[in-house]
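Remarks on the structure that follows.
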Amino acid sequence: MTKKRITYALDTSVLLTNASCIYSFGSKSDIVLPIKVLEEIDKHKKRQDSVGMNARLAIKSLDELREKGDLRQGVQIAEGKGNLIVVYDTGELALPKELSQEIADHQILQTIYNYARKINILDDIVVVSRDINMRVVCQCVGMKSADFDTEKIVSSEEEVFHGFSEILMDDELIDRFYAGEDIYIDKELYPDHKCNEFLMLISSSNDKKTALSRFADYETPLKKIVKRDSVWGLQPRNKEQSFAFDLLMDKNIKVVSLIGRAGSGKTLCALAAGLQQTLSNDEDAYSRLIISRPVQPLGKDIGFLPGTLEEKMIPWLSPIQDNLQFLMGNDKEMFQEYMDKGIIEVEALTFIRGRSIANAYIIIDEAQNLTRHEIKTIITRVGDNTKIILTGDVEQIDNVYINETSNGLVHAVEKFKEYQISGHITLKKGERSEVASLAAKVL
């Protein structure tokens, strides 16, 4: 039996999320692109972020197809793929009058609906959109719709690697572990543990008897985790913070990711470890501490703010500066001196592309607002003897083009968990204040 041919109509949001999305559909699938989508993409091409980059790349791909044939008649996307057709609407308004034609999304739906009805494929066309409301409207007017989720790295937030597991172990083995003997993990009994995953060893005969360890691989003995007295005057308040410091202070681990709710201490721990390893007199100290975060302005680009680059960055970087000044005892003069000497750099991510950063300790805060491509761009800037820390809360995403399962931070956690040079821990307990902890839990 011949497989039914499905036609997919793409919304603007799909191309702005993934410029190569037209190559993601099968050989039995044609792609319809309303001409209004091209107009909407053009509005974003000058943006200096991933959305602008996707807009430019999408336009370039369409221009290459244009040279191969007439887009109005349909051009084969690639060998083994279907055709891409650009359509426009000059017909009647077939959709409900409540859907104002002054709204771009409604114009796009109107074009798709009339085109599908004209060639009698209304039952075989699917509107693909990242916009939830547009998918809801599609169902209300009798059209099929689907999300475009090829960027999803896990099925749900709960499936993200936490960096911590509990395992039952013979009471005798725990005693031997505390005595300093080398204890190994049996792969047949405890399969699928990841590099630098933290393990709580629990006695099989007494669940109150435990030991904290870090797993490297099945040929390496477990490492004992000892609570540190302090790092730059900051003491860990729970086991997850102890795990975080263990990763942050280990120079062999070049990529560290910390996920946690507001007030869990992820940024403060990263900054304390950075100050300790940058401002110390050790021979192997990093030459500078670089801190940045994505500029997620909720509708306005950073260029709309007046003043110099440093003045424009103040609203976005003030939380980092607050934490730095707290760790330095609110000594503003010392903090400014380190800034003036370039030992501490606080800057925008916008300008990191093209750099090669060596012998530095880099912190990227609020990394959950970055796309997979942006995370890749940032990490590939890392030079020799540089450590990079990614921190964020996947429950607080301000970038409308990604979510808790497709953002760059989650991609980094999942892709790096198999490698010895990386480590991850999820901080679960709020330590900022009783109010902050309660708010994170109940609001």
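At a threshold of 4.5 Å between non-hydrogen side-chain atoms, the residues Phe416 and Ser257 do not count as touching. Side chains of Leu33 and Ile22 form no contact here, defined as non-hydrogen atoms less than 4.5 Å apart. Between Ile357 and Arg288 the shortest side-chain heavy-atom distance falls below 4.5 Å. Between Thr371 and Asn54 the shortest side-chain heavy-atom distance does not fall below 4.5 Å. No side-chain heavy atom of Lys417 sits less than 4.5 Å from a side-chain heavy atom of His424. Counting only heavy atoms from C-beta outward, the side chains of Phe25 and Ile77 never approach each other to under 4.5 Å. Contact annotation: the side chain of Leu409 never approaches that of Leu370 to less than 4.5 Å [non-hydrogen atoms, C-beta and beyond]. Side-chain contact between Ile379 and Leu390: present, with at least one pair of heavy atoms (C-beta onward) separated by less than 4.5 Å.
When atom types are taken as modelled, the side chain of Asp11 and the backbone of Val14 share no donor-acceptor pair closer than 3.5 angstrom. Without hydrogens or angle criteria, Gln276 side chain to Trp232 main chain gives a donor-acceptor distance under 3.5 Å. Side-chain N or O atoms of Thr386 include one that pairs as donor or acceptor with a backbone N or O of Asn359 at under 3.5 Å. Judged by distance alone, with hydrogens and angles left aside, the side-chain atoms of Lys81 form a donor-acceptor pair with the main-chain N or O of Tyr23 at under 3.5 Å. With hydrogens and angles ignored, the 3.5 Å screen pairs a side-chain donor or acceptor of Ser213 with a backbone N or O of Leu199. No donor-acceptor pair under 3.5 Å is formed between the side chain of Asp282 and the backbone N or O of Ala285. Looking only at distances, a side-chain donor or acceptor of Asn83 sits under 3.5 Å from a matching main-chain atom of Gln76. Using modelled atom types, one side-chain atom of Thr380 and one backbone atom of Thr377 make a donor-acceptor pair closer than 3.5 Å. The backbone N or O of Tyr178 sits less than 3.5 Å from a side-chain atom of Lys224, completing a donor-acceptor pair. A donor-acceptor pair under 3.5 Å links the side-chain atoms of Lys387 to the main chain of Asp250, judged by distance alone.
Other residues, nucleotides and ligands contribute only 12 or fewer heavy atoms inside 6.0 Å of the NZ atom of Lys429. Dense packing is recorded around NZ of Lys43, with more than 12 heavy atoms of other residues, nucleotides or ligands lying under 6.0 Å away. At most 12 non-hydrogen atoms from other residues, nucleotides or ligands lie less than 6.0 angstrom from CD of Gln139. Within 6.0 Å of atom NZ in Lys376, 12 or fewer heavy atoms from other residues, nucleotides or ligands are found, so the atom counts as exposed in its surroundings. In the displayed structure, Arg237 atom CZ is contacted under 6.0 Å by at most 12 heavy atoms of other residues, nucleotides or ligands. Counting non-hydrogen atoms of other residues, nucleotides and ligands closer than 6.0 Å to CZ of Phe326 gives a total of 12 or fewer. The neighbour count for Glu172 CD, taken as heavy atoms of other residues, nucleotides or ligands under 6.0 Å away, does not exceed 12. Counting heavy-atom neighbours within 6.0 Å of Asp186 CG, excluding the residue itself, gives a total above 12.
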* To do: Check the pair Ile108 / Met134 against side-chain contact (heavy atoms from CB on, under 4.5 Å), numbers first and verdict last.
  => CA-CA 10 Å; Ile108 291 169; Met134 192 167 190; 3.9 Å; yes
* Where do Arg261 and Glu395 land on the salt bridge (charged side-chain N to carboxylate O under 4.0 Å, His left out) test, with the steps shown first? -> CA-CA 7 Å; Arg261 291 182 174 181; Glu395 294 181 2; 3.4 Å; yes
* To do: Applying salt bridge (charged side-chain N to carboxylate O under 4.0 Å, His left out), run through Lys341 and Glu337 and close with a yes or a no.
  => CA-CA 6 Å; Lys341 290 180 178 179; Glu337 181 181 349; 3.0 Å; yes
* Evaluate side-chain contact (heavy atoms from CB on, under 4.5 Å) for Leu212 paired with Ser242, printing each intermediate quantity in order. => CA-CA 10 Å; Leu212 299 178; Ser242 293; 5.9 Å; no
* To do: Could you go through the side-chain contact (heavy atoms from CB on, under 4.5 Å) check for Glu366 and Gln368 one step at a time?
  => CA-CA 5 Å; Glu366 301 290 342; Gln368 80 278 1; 2.6 Å; yes
* Start with the C-alpha gap between Asp63 and Lys60, add the side-chain angles, then the distance that decides, and say whether salt bridge (charged side-chain N to carboxylate O under 4.0 Å, His left out) holds. => CA-CA 5 Å; Asp63 186 51; Lys60 183 179 178 181; over 6 Å; no
* To do: For Tyr286 and Asn385, run side-chain contact (heavy atoms from CB on, under 4.5 Å): C-alpha distance rounded to whole Å, both residues' side-chain angles, the deciding distance at 0.1 Å, then the answer.
  => CA-CA 8 Å; Tyr286 296 107; Asn385 194 37; 4.3 Å; yes
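Val32 approaches Pro34 most closely through the heavy-atom pair O-CD, 3.8 Å. Minimum heavy-atom separation, Ile290 to Ala360: CD1-CB, 4.1 Å. For Glu404 against Ile397, the heavy-atom pair with the smallest separation is N-CD1, 3.5 Å. Heavy atoms only, all atoms of each residue included: Ser406 and His411 are closest at O-CD2, 3.4 Å. Residues Gly423 and Ile253 approach most closely at N-CG2, 3.7 Å, considering heavy atoms. Across Pro294 and Asp365, no two heavy atoms sit closer than the pair CD-O, 3.0 Å.
With rounding to the nearest 0.5 angstrom, the CZ atom of Arg372 is 8.5 Å from the CD1 atom of Ile153. If you take CE on Met334 and CE on Met328, they are separated by 5.5 Å, rounding to the nearest 0.5 Å. One distance of note links CZ of Arg176 with CG of Asp170; it measures 9.5 Å at 0.5 Å rounding. For the atom pair CD1 (Ile388) and NZ (Lys254), the distance works out to 12.5 Å, reported to the nearest 0.5 Å. Separation of atoms CE (Met169) and CE (Met200) is listed at 13.0 Å; rounding is to 0.5 Å. With values rounded to the nearest 0.5 angstrom, Thr267 atom OG1 is found 12.0 Å from Asp322 atom CG.
In this model, no donor atom of one side chain and acceptor atom of the other lie less than 3.5 Å apart for Ser129 and Asp131. Between the side chains of Asn399 and Asn369, no donor-acceptor pair of N or O atoms lies under 3.5 Å.
The aromatic rings of Phe198 and Phe243 lie parallel to each other, their planes meeting at an angle below 30°, with 60° marking the opposite boundary.
Counting only residues at least two apart or in different chains, side chain to side chain donor-acceptor pair (under 3.5 Å) contacts with residues 187-202 comprise Ser165-Glu197, His193-Glu197, Lys194-Glu418, Asn196-Arg214.
With Phe164 as the aromatic partner, Lys239 meets the cation-pi criteria of under 6.0 angstrom to the ring centre and within 45 degrees of the ring axis.
For the pairing with Ile344, the side-chain contact (heavy atoms from CB on, under 4.5 Å) check across Met339, Gln321, Gln336 returns one residue only, Met339.
Using a 4.0 Å cut-off between a side-chain N of Lys or Arg and a carboxylate O of Asp or Glu, Lys266 and Asp393 do not qualify as a salt bridge.
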